[in-house]
Amino acid sequence: MAELGVNIDHIATLRQARLGIEPEPVLAAAIAEQNGADQITIHLREDRRHIQERDLRLLKETVQTRLNLEMAAVTEMVKIALQYKPQTVTLVPEKRQELTTEGGLALRTEHRQLITELQQAGIEVSVFIEPDNRMINMARELGADAVEIHTGHYSGLKSAAEIQQELIRIRDSAVLIKELGMRVAAGHGLNYHNVQALVELNLIEEYNIGHSIISRAVFTGLAEAVLAMKQLIY
Ligand code: PXP
């Protein structure tokens with residue numbers, strides 16, 4: 001049974017549009033958890049465009065499942081993670097001008113120290129990378145506990161043949177990640193239509209999904225949107 005991480009960044013995006021107090025991410029997290037979320041995922045960006053440090057603090061206190069903090073692999077963010085100690089940190093690439101996380105993190109040997117520091121504080125470390133053997137082996141060498149496969153390319157494809165080819169790449173990557181003893185997650189661009197084929201691979205242990213759930217929630221309410229996604233992930 002795979003697990004669902006609900007990314008609630010867009011709740012904070014809406015609040016920041018007016019720099020006000022609603023909608024409240026803490027409330028969104030509680031509703032998501034009550035409707036089947038196994039984890040709450042947030043991205044504290046360096047430019048603080050949506051999630052704020054205050055959200056991280058309150059969510060760490062109130063989330064009853066697990067809190068997964070996505071963040072850039074930089075010293076400033078490591079300091080913050082060590083202060084709040086989420087259950088998991090997912091290291092992601094970050095560029096100021098991007099609309100959302102574009103592409104996977106290019107792992108380098110310098111990341112080893114930062115990964116170790118987080119782990120010594122009892123935080124599980126996941127790395128968000130492309131389904132690429134070289135990067136997966138590097139994740140193992142650097143001591144990562146988990147790998148989140150970037151599914152952005154997969155979710156952008158239109159032709160059946162290309163989708164099939166990318167599914168094979170993701171499947172082979174998931175097999176390798178597990179063989180190397182790491183937990184395998186996937187995320188980015190997943191929705192109610194394209195997640196099914198990944199679930200059928202029966203290899204991915206966790207999905208982190210935000211945009212499509214929050215978009216559906218605008219029309220159906222968050223409870224129903226989370227529940228519907230949870231039913232697709234078995
Ligand atoms: N996983 C990671 C590592 C991400 O950076 C994001 C986007 O913030 C997601 C999952 C969720 O992507 P989406 O909002 O497209 O579902």
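Small disclaimer: the values here were computed from a predicted structure and weren't measured. Start at 1 and go down the list; that is how both ligands and their atoms are numbered. All values below were derived from every heavy atom in this structure, side-chain atoms included, with hydrogens, water molecules and symmetry-related copies excluded.
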Need the ligand 1 atom indices (1-based, order shown) with element for anything under 4.0 Å from a heavy-atom of N208. 10 (C), 11 (C)
List ligand 1 atoms under 4.0 Å from N7, heavy atoms only on the residue side. 8 (O)
Is there a path of hydrophobic side-chain contacts, each under 4.5 Å between heavy atoms, that joins F128 and Y207? no
Please determine whether side chain to side chain contact (heavy atoms under 4.5 Å, CB included) holds for the pair L142 and L107, giving the CA-CA distance in whole Å, both sets of side-chain angles, and the decisive distance to 0.1 Å. CA-CA 9 Å; L142 297 178; L107 286 169; 3.9 Å; yes
Numbered atoms and elements of ligand 1 in range of H211, under 4.0 angstrom, heavy atoms: 13 (P), 14 (O), 16 (O)
Is NZ or CZ of R57 both nearer than 6.0 Å to the six-membered ring centre of Y84 and within 45° of the ring axis? no
Under 4.0 Å from one or more heavy atoms of I209, ligand 1 contributes atoms 16 (O)
Inspect the contact between R183 and E206 and indicate whether a charged nitrogen and a carboxylate oxygen are less than 4.0 angstrom apart. yes
Check the side chains of T41 and N68 for a donor-acceptor pair under 3.5 angstrom, ignoring hydrogens and angles. yes
Contact between ligand 1 and S212 is defined here as a heavy atom of the residue under 4.0 Å from a ligand atom; is it met? no
Selected option - heavy-atom contact closest to atom 4 (C) of ligand 1, from E70, E206, E148: E70
Could you say whether the N/O atoms of G189 and ligand 1 ever approach to under 3.5 Å? yes
Salt bridge (charged side-chain N to carboxylate O under 4.0 Å, His left out) for D55 and R15? Distances and angles first, verdict last. CA-CA 12 Å; D55 301 322; R15 179 194 58 195; 2.7 Å; yes
Can an N or O of V92 be found at a distance shorter than 3.5 Å from an N or O of ligand 1? no
